[in-house]
Every structure is written in C-alpha cells, then in structure tokens.
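Read the structure below first, then the notes.
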Amino acid sequence: MEIFYKLIEVTVTLIEDAIIISSVVAISGRRYAIKKHILCVLAAVAAMSLAVSGLNRIEMFSFITPILGMLIVLLISRFLSSGALLLRATACVTVYFVIQSIDYILFIGMGLLHGTPNEMFSTFMSPGPLRSIYLLLNKATDIIVFISLHKELHKLSSLRNSLQGLLFGASLLSYCSMQYLFSIVLYGDYVSLQIASIISFFFLLCFMSVVIFALLSVTKLEKRRSDNEILQRTNEMMEQNYQRMHEDVHQNARLLHDFHHHSAAIRELAAQKKTDEIIDYIDSMLSTSYEAIEFCNCGCDIINAVINCKALEARSSHIEFQYHVDFHEPTNLKPVDICAVLANQIENALEACEKIEDPDKRIVRVETRQRNGFALFKVMNTVRENPFRYEDKLLTTKTDTSRMHGLGLKNISDIARKYSGSMQTKYQDGMFISTVLLCFSPE
C-alpha cells in the first residue's frame with residue numbers, strides 16, 4: 001500500500017503542476033505551435049515536479065514552498081510563454097491563489113467532518129487513506145475548475161498594464177491574507193474561527209472573481225470604444241473618398257463629352273474640305289462605342305456619390321447594376337452615416353456577385369426612399385449559394401485571414417441603433433437581401 005500511496009502523491013503533484021503551468025501559459029499566451037508546446041509543457045511539468053518533491057522532502061509542509069514554486073513557474077513560463085513579465089507574474093499569483101484556496105477550503109472542511117483541522121493536520125499530511133481521498137478530491141476539483149475556465153483565461157491578457165498591475169496587487173494581497181487565515185486555523189482552538197475562515201476563503205475567491213470580472217469589463221468597454229473610434233474615422237474617410245471619386249467621375253464625363261463635340265466639329269470641317277482620309281479617320285473615332293452614363297441625381301449628394309461610384313465598379317466587373325432612388329427631403333441623417341450604410345451594403349453585394357462564374361447572373365438592385373420619417377436602404381444581389389446554410393448564421397466568404405471581417409455589418413448595425421432603426425438580412429429565391437431602416441427628423 002505504501003507504493004500505492006506514493007504513486008498517488010506523484011500523480012497528484014504532476015496534475016497540480018500541469019494545471020498551474022498550463023493556466024499561466026493560457027493566460028499569458030503560448031510561444032510555440034501546439035505539438036511543440038505540449039512537449040515543452042510535459043518537460044516543464046516533470047522538472048517542476050522534481051523540484052517541488054525536493055522541497056517537500058526538506059520540509060513536509062511549508063508556506064515558503066509555494067512561493068518558491070511561483071518563482072519556478074515564473075522562470076519556466078519565460079520559455080513557454082510570449083507574455084511580458086508583469087502578465088506572467090499576475091497569472092502566476094492568481095493561479096496559485098485559486099488553487100490553494102481550493103486546497104484550504106477542502107482541508108478545513110474535511111477537518112471539521114473528522115475533527116479539528118489542527119488535529120487532522122498530521123493525518124492529512126501522512127500517506128494513508130484519508131490523505132489519498134483528500135488529494136484525489138482536491139485535484140478533481142482543480143481539474144473541473146481548469147476545464148471550466150480554460151477557454152476564458154486568455155482574456156486576462158487583454159488587460160492593459162495598469163490593470164494587470166492592479167490585479168497582481170489584489171492577487172498578492174488575497175494570497176497573503178489566505179495564508180495568514182490558514183495559519184490561524186491550524187493553531188486555533190475554536191470551531192467558530194474555523195468556520196469563519198472557510199467563509200473568509202470563500203469571500204476571498206468571490207473578491208478575486210469580482211476584481212477579474214470588473215477589469216475584463218473595463219477592457220471590453222475600452223476595446224469597444226476604440227473600435228467605434230476606428231469605425232467613425234473609417235466612415236469619414238470613406239465619405240470623403242466617395243465624394244472625391246464622384247467629382248472625378250463627373251469631371252471625366254465632362255471631358256469625354258467635350259471631346260465628342262470637338263470630334264464632331266472637326267469632322268464637319270473636314271467634310272467641307274472634302275478630305276476623305278480625314279473623314280474616315282474621324283468617323284472611326286466617333287464610331288468607338290460610347291455609352292452615356294446615366295448619373296444618379298437625387299437630392300442627397302452622398303447618395304449620388306456612392307451610387308455613381310458603385311455603378312462604375314459594377315460595370316467594370318460585368319455586374320448588372322440597377323437602382324431606384326427617391327431621397328429628396330433633407331434630413332438629420334449625417335452624410336457619413338448614410339455613406340457607411342449604403343456603401344457597405346453595395347460593397348458586400350458586389351463582392352458576392354463577383355464570385356458568380358456566369359456574368360449574366362450577376363445582378364445588384366439598390367433601392368433607397370423616404371417615407372413618413374423613415375429612410376429605407378435596400379440592396380438585393382444574386383449569390384452563388386445560400387449564405388445562411390448553417391444554422392441561420394451568416395457566413396463570410398472572404399479568405400483573407402490577415403484582416404478582420406464582419407466590421408461592415410457591425411458598422412451598419414451600430415448606425416441602425418443610433419437612429420432607432422433596424423437591420424435585416426435574408427435569403428430568398430437566389431437573392432441576398434439587406435434592408436436597413438433609419439428614423440429621421442426633417443430639417
């Protein structure tokens with residue numbers, strides 16, 4: 001049985017070290033690819049287990065051993081993690097605090113069931129049935145907690161340095177308080193003190209959970225604010241670009257129109273001189289296909305700019321582009337917001353059509369109109385396949401993983417909420433339909 005108990009001790013030590021190292025690396029970010037990472041973690045767990053076992057041989061139980069263990073983990077994480085020292089130190093102290101809180105709560109709880117903790121100390125620290133039960137229950141709890149939180153641990157890396165420092169201080173203070181409370185329990189004689197200590201450990205865990213949640217919430221708000229600022233600047237730049245492109249289109253159209261008239265005048269002069277060669281040459285110039293561009297000219301300059309620019313893009317991509325615009329009433333809708341909605345809708349439609357092999361099946365229809373304080377932006381386009389084919393979730397067809405996708409839809413959704421409106425997308429009869437409704441006040 002002694003060999004069996006020793007085997008449990010070794011197994012439990014390996015499990016605990018694996019959880020500690022894996023948690024710290026999950027928080028601070030792994031350095032290597034998954035296969036190499038696993039091999040390095042296994043080697044680190046073996047090395048740390050040997051070190052902890054050596055420390056325990058010197059002194060079976062010591063409050064110094066966990067501190068030395070933290071330093072070992074901090075050193076190991078230097079080679080396994082890509083995170084900075086502050087993040088790794090914060091992760092290390094936090095993980096040790098959670099694991100030892102679980103240890104102490106179970107230790108004191110079992111002590112109260114079988115006697116006082118200080119009386120059970122020697123029993124629990126000596127190999128035997130009770131210690132084996134305690135260790136197995138303890139590590140099973142650690143594993144459950146690790147599995148439950150593993151996918152969320154990386155979020156701590158999003159904290160900025162000042163918040164990481166705050167979490168490090170809170171974790172260190174909680175850890176020291178926990179160790180002090182536990183030392184009182186071991187040498188105290190009052191059951192009420194022991195119960196109070198369990199409650200204290202529980203509230204310390206709750207305190208740390210609240211701190212972590214609050215820090216992550218602050219970080220999430222900061223990220224959202226940053227994303228919104230980026231989208232706002234992007235929208236402003238997009239509006240300026242469409243206005244500039246629209247001006248260029250009109251300028252080029254005027255130049256082409258003037259050139260056409262000049263050529264006609266030259267032809268007439270040449271005809272009077274009866275120079276057949278000149279007439280033939282000019283005729284060849286005038287016979288060059290010229291399709292007059294029917295420019296959108298509603299009451300909103302930014303809609304004109306977006307429609308006209310996108311119409312030219314559609315033509316160059318052999319996409320049939322149709323539009324109906326009834327937008328004549330001045331509104332309080334900001335041009336930058338109108339541009340963001342309509343340009344993103346049409347851009348997504350053109351990208352979807354470009355993926356259709358047969359140019360004759362590439363169709364984009366745009367409709368914008370005003371009615372009773374509502375502005376409607378509706379874009380319909382043919383698609384190669386149903387984008388909602390998996391559980392009604394709109395799937396991106398973009399293969400460039402170096403850029404973030406989905407910001408266009410988020411941008412539209414944010415603007416719809418801004419104007420107390422709505423955004424809807426659906427697939428019907430081979431067409432993808434994007435509809436945005438905004439509320440406005442006439443000016």
Side-chain angles (χ1 to χ4, degrees), residues 6-59 61-103 135-161 163-165 167-168 171-172 174-175 208 212 215-216 219 401-402:
K6 287 184 178 180
L7 182 61
I8 291 179
E9 294 280 346
V10 172
T11 303
V12 165
T13 301
L14 290 172
I15 292 174
E16 180 173 298
D17 293 342
I19 291 175
I20 292 173
I21 294 175
S22 298
S23 298
V24 171
V25 174
I27 292 173
S28 53
R30 59 184 173 89
R31 180 185 294 271
Y32 305 113
I34 186 64
K35 290 184 178 179
K36 185 176 181 180
H37 170 72
I38 293 175
L39 292 176
C40 291
V41 168
L42 292 176
V45 168
M48 183 176 174
S49 298
L50 289 174
V52 171
S53 298
L55 292 172
N56 286 337
R57 286 180 180 275
I58 298 173
E59 188 173 354
F61 186 87
S62 171
F63 296 117
I64 304 300
T65 300
I67 297 176
L68 296 177
M70 289 184 197
L71 295 177
I72 294 173
V73 172
L74 196 59
L75 177 62
I76 290 175
S77 65
R78 168 66 179 81
F79 302 98
L80 297 180
S81 170
S82 57
L85 176 61
L86 176 59
L87 178 59
R88 290 185 288 113
T90 303
C92 189
V93 176
T94 304
V95 169
Y96 262 91
F97 168 73
V98 173
I99 287 181
Q100 290 200 3
S101 292
I102 295 173
D103 292 350
L135 291 176
L136 293 175
L137 180 61
N138 187 2
K139 293 310 119 183
T141 305
D142 289 345
I143 292 173
I144 292 173
V145 172
F146 174 75
I147 293 175
S148 301
L149 300 178
H150 180 258
K151 293 184 179 180
E152 307 296 326
L153 293 177
H154 70 280
K155 293 182 179 179
L156 292 177
S157 62
S158 63
L159 299 175
R160 50 188 170 87
N161 289 341
L163 296 181
Q164 288 180 21
L167 178 58
F168 175 79
S171 299
L172 189 60
S174 299
Y175 182 83
M208 284 302 304
I212 293 173
L215 295 180
L216 290 176
T219 301
T401 58
S402 63

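Predicted, not measured: the structure shown is a model, and the values here were computed from it. Heavy atoms only: backbone and side chains are in, while hydrogens, waters and symmetry mates are out.
- Phe146 and Ser22 make their closest contact through CZ-CB, 3.8 Å (heavy atoms, listed as atom of the first residue, atom of the second, distance).
- Of all heavy-atom pairs between Gly29 and Ser81, the closest is O-OG, 2.8 Å.
- Atom OH of Tyr175 is separated from atom CD1 of Ile67 by 5.5 Å, given to the nearest 0.5 angstrom.
- Counted by atom type alone, Arg88 and Ser77 present one or more donor-acceptor pairs between their side chains at under 3.5 Å.
- Taking each heavy atom of Leu80 and Cys40 in turn, the nearest pair found is CD2-CB, 3.2 Å.
- Note that CG of Leu86 and CG of Asn161 are 6.0 Å apart. Values are rounded to the nearest 0.5 Å.
- When all heavy atoms of Ala26 and Leu153 are compared, the pair lying nearest together is CB-CD1, 4.0 Å.
- Contact check for Arg78 versus Arg31: side-chain heavy atoms found under the 4.5 Å cut-off.
- Leu14 and Ser49 get closest at one heavy-atom pair: CD2-OG, 3.1 Å.
- Rounding to the nearest 0.5 Å gives a distance of 12.0 Å between CD1 of Ile20 and CD1 of Ile15.
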Would you sort out whether Lys139 and Asp103 count as a side chain to side chain contact (heavy atoms under 4.5 Å, CB included), showing the intermediate values? CA-CA 9 Å; Lys139 293 310 119 183; Asp103 292 350; 3.7 Å; yes
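- For the atom pair CD1 (Ile38) and CD1 (Ile34), the distance works out to 4.0 Å, reported to the nearest 0.5 Å.
- Using a 4.5 Å heavy-atom threshold, the side chains of Leu85 and Leu74 count as touching.
- Scanning both residues, Ser23 and Val95, for their nearest heavy atoms gives CB-CG2, 3.7 Å.
- Atom-to-atom distance recorded for Thr94:OG1 and Ile99:CD1 is 11.5 Å, nearest 0.5 angstrom.
- Of the inter-residue distances, the one linking Leu42 atom CG with His37 atom NE2 reads 9.5 Å to the nearest 0.5 angstrom.
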